[in-house]
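Here is the naming used below: chain letters follow the sequence lines, and residue numbers restart at 1 for every chain.
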Protein chains: 2
Amino acid sequence: MIPKQTVNMTDVARHSGVSIASVSRALRGEPGVSPTTRDRIMTAARELSYVVSPEASRLAGGATGRVGVVVPRIDAWFYSTVLAGIADEFDTVGTDLVLCTLPDSAARHRFFEALPLRRKVDAVVVVSLPLSARERTRIDQLGVPSVFVGGHHPGGNRSWIGIDDELAARQAVGHLIHIGHRDIAMIQAADDTDIPWATDQARISGFHRQIREAGLGDPTVVTVKWSIEGGSRGMEMLLSGPRLPTAVFCHSDEIALGALRTLRRAGVSVPQQISIIGVDDHPSADLNDLTTVAQPVRDQGQIAAREVLRHLVGEAAPVSAPNTDALTTLPTRLVIRGSTASPH
Amino acid sequence: MIPKQTVNMTDVARHSGVSIASVSRALRGEPGVSPTTRDRIMTAARELSYVVSPEASRLAGGATGRVGVVVPRIDAWFYSTVLAGIADEFDTVGTDLVLCTLPDSAARHRFFEALPLRRKVDAVVVVSLPLSARERTRIDQLGVPSVFVGGHHPGGNRSWIGIDDELAARQAVGHLIHIGHRDIAMIQAADDTDIPWATDQARISGFHRQIREAGLGDPTVVTVKWSIEGGSRGMEMLLSGPRLPTAVFCHSDEIALGALRTLRRAGVSVPQQISIIGVDDHPSADLNDLTTVAQPVRDQGQIAAREVLRHLVGEAAPVSAPNTDALTTLPTRLVIRGSTASPH
DNA sequence: CTGAAAGCGCTTACAG
DNA sequence: CTGAAAGCGCTTACAG
């Protein structure tokens, strides 16, 4: 005879001499089970090292114990770090993480049209994806709570965790101005998708506002792709100009690192001849002595995870929570290293 | 009245005027459904934008459509890149990826004892975890196919994809010897867990073998943690010695980057006064002009994913595949940049 | 506090 | 080729 592969609720019930209804209740910590019975059940479950079948549980109206996490990609520092924060938090409560990556627009389109997460998860976390109205609707149509991380506010009273990108830009540019720079350029990053990243807009407008408020003239701005290559290219563009600015605000640390590489190759010394500042506090920023504005990345993941788990336990609609409660803005802070100094 | 949340197989059956048995068969591409009927069913399913309930499917004896991926952590370049390769591949066939991270030994212990993946996935990919015999057994007890990536051979005829770490070390050291170095030290990384990483042993023995075969004397070796900090520390130790070697083989690029940082701070010029070489071809290696031995990381993930999917479709036991077939070793190659040069 | 029973949405022999 | 029916392992009213 073939032994049963897995022990099920019936086995636990038999071993503890009760019905499966009681086992189900006890295991989920529901009221309506006497302490004695509960004890007996828990012991039996442990002895048999029983785990509920998520399939059966879900099918019968329970939860899946799974949460979907949607990221553009994972082989990039920001996303993998957010993901690590989420994974850690899920692990403590035993929630399974179903990962969805949308590396290109085809994958993205497929995801939002087919909604492969449908009927598979109890909630979803969307990381750093600027959504069109249609896409936002589709996420809602998953019919489960959603939480958004980074980049843009999803609108409505959807939960959002992120930083103030405009402020981050102003902190960076403010530092340059504070130490005496008057001729500040920006290497800005642009995405090639049609939907503008809120992050990008905010960092750009923060730069311009800070420049304007300091009474400085029209700054030089070059636009490149968001990558180390892009940063290299951007600095090459600046080096090709009539005169070099005394400082450059880079859209991100990746851009800044590319810029530093070009400067090193060009024999321009940093910070003596030019100051460079980025945003993010990428691990390589420390390694390359880059001044930057740090954002708490792992924390964003952790907080998002907690938020989503909160939705899952307190199933009740958060009537008490006002609209504004849905937005959590984390602080950014200047990290001064060796790539910035006063001009001359 | 409350509208049904989701459309189920019965709806599709009704719309196409057949029984749910036929719908089930048609949707899974099984034989035994006439082309006409199949067409009608497919159309109805599309119109209703129906997706099968994985829960119900699994419960009834089908597959979950999910594969578990176990990684030590994700906020590190190697793992997130392997993961990206896996995720891409899964995406093309619609397999869901359930992510498990084991950041510390507590999480690891919990994972192997509780086997949270039990009954939840059709297969599992284990990335770069050196397993004890007990842990290997536990993975087998999941009762689903498993594929291993990187680091160590799992033994038996389990599928494994990785590189030849000993060869990688020899390629690196061979380059140093080839350009004239005779005094070569190593900064080696040690893990703090009790189980030795096969990767580590292999890179270390590759170093020693190459040194020995070149007839060079007893090399200086310092041991540190696998991190940029560790690399910094290691180079500090070498700088504290009686005389500086002319070249240093670093266990990994991260170690090498830390070493470079210390040298920069110490005012020792690379490669004029000392050559540095790493292993991995971490993105920062390019940025910091580090010579290294590259390994295909994303490919390892992709191949592992394909392998696991192969197991899933061809459910039949691979009787034809001999034992050796289970091991896939990917090539490594020297990438020469500016951190190595002939001595003097 | 406890249990018998219906039902969740599928897959799979078994008949026809 | 097609369908009626059992059963996968749970949860949840409904009785007691």
Side-chain angles (χ1 to χ4, degrees), chain A residues 2-42 44-45 48-66 118-122 143 312 315, chain B residues 2-42 44-45 48-66 118-122 143 312 315:
Chain A
I2 297 172
K4 255 196 324 139
Q5 271 221 312
T6 53
V7 8
N8 60 25
M9 205 170 256
T10 307
D11 296 323
V12 179
R14 191 169 30 237
H15 273 255
S16 39
V18 295
S19 72
I20 63 164
S22 292
V23 175
S24 174
R25 284 188 280 256
L27 256 29
R28 276 173 304 114
E30 276 204 350
V33 185
S34 76
T36 335
T37 313
R38 189 181 296 270
D39 264 12
R40 203 138 33 89
I41 293 170
M42 297 313 256
L48 298 169
S49 63
Y50 168 75
V51 283
V52 298
S53 158
E55 328 297 339
S57 168
R58 180 63 213 270
L59 196 54
T64 63
R66 283 190 290 269
R118 214 167 9 150
R119 312 168 90 187
K120 293 182 183 173
V121 295
D122 301 330
L312 259 33
E315 291 286 13
Chain B
I2 298 173
K4 258 199 319 143
Q5 272 222 307
T6 52
V7 9
N8 60 26
M9 205 170 256
T10 307
D11 296 323
V12 179
R14 189 167 34 233
H15 273 252
S16 40
V18 296
S19 72
I20 63 166
S22 293
V23 175
S24 173
R25 284 188 279 256
L27 257 30
R28 276 172 304 115
E30 277 204 349
V33 185
S34 75
T36 335
T37 313
R38 190 181 295 271
D39 264 11
R40 203 139 31 90
I41 291 171
M42 297 312 254
L48 298 169
S49 64
Y50 169 74
V51 283
V52 298
S53 158
E55 327 297 338
S57 168
R58 178 66 213 269
L59 196 55
T64 64
R66 282 188 291 267
R118 214 164 11 146
R119 313 168 89 186
K120 294 181 182 173
V121 294
D122 300 331
L312 259 33
E315 292 287 13

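With rounding to whole Å, A/N8 atom CG is found 10 Å from D/dC8 atom C1'. For A/R14 and C/dG3, the CZ to P distance is 15 Å, given to the nearest whole Å. Rounded to an integer number of Å, the gap from CG of B/L59 to P of D/dC8 is 9 Å. For the pair A/R118 CZ and C/dC10 P, the interatomic distance rounds to 12 Å; values are reported in whole Å.
For the 3.5 Å distance criterion, the side chains of A/T10 and A/R14 fail to qualify, holding no donor opposite an acceptor.
By the side-chain contact (heavy atoms from CB on, under 4.5 Å) test, A/A21 pairs with A/S19, A/R25, sequence neighbours left out. In this structure, the salt bridge (charged side-chain N to carboxylate O under 4.0 Å, His left out) partners of B/R66, at least two apart in sequence or on a different chain, are A/E55. Take A/S49 and apply the side-chain hydrogen bond (donor to acceptor under 3.5 Å, both in side chains) test, not counting sequence neighbours, and it matches no residue. For the side-chain contact (heavy atoms from CB on, under 4.5 Å) test, residues two or more places apart in sequence or in another chain that qualify with B/R38 are B/A26, B/V33, B/M42. Legend: residues meeting side-chain hydrogen bond (donor to acceptor under 3.5 Å, both in side chains) with A/S53, ordered by chain and number and at least two apart, are absent. Take B/S57 and apply the side-chain contact (heavy atoms from CB on, under 4.5 Å) test, not counting sequence neighbours, and it matches no residue. Taking the side-chain contact (heavy atoms from CB on, under 4.5 Å) definition, one finds that B/A63 meets it with B/D122, sequence neighbours left out.
Distances shorter than 4.0 Å separate some side-chain N or O of A/S22 from OP1 or OP2 on C/dG3. Under 4.0 angstrom from either OP1 or OP2 of D/dG9 there lies no side-chain N or O belonging to A/S53.
Counting only heavy atoms from C-beta outward, the side chains of B/K120 and B/T64 never approach each other to under 4.5 Å.
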Discussion item. Output one letter per nucleotide in nucleotides 11-16 of chain D: B when a protein non-hydrogen atom lies under 4.0 Å from the base, S when only the sugar-phosphate is that close, - when neither is.
Written reply: BBB---
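Every stem involving DNA chain C, taken as at least 3 paired positions in a row under the Watson-Crick or G-U wobble test at 3.5 Å, is listed here: C:1-3 with D:14-16, C:5-12 with D:5-12, C:14-16 with D:1-3.
Between the side chain of A/D11 and the backbone N or O of A/N8 there is at least one donor-acceptor pair closer than 3.5 Å.
Residues B/V7 and B/Y50 share a closest heavy-atom pair of O-CD1, 3.2 Å.
Within residues 32-40 of chain A, the residues that place at least one heavy atom under 4.0 Å from DNA chain C are, in residue-number order, A/G32, A/V33, A/S34, A/T37.
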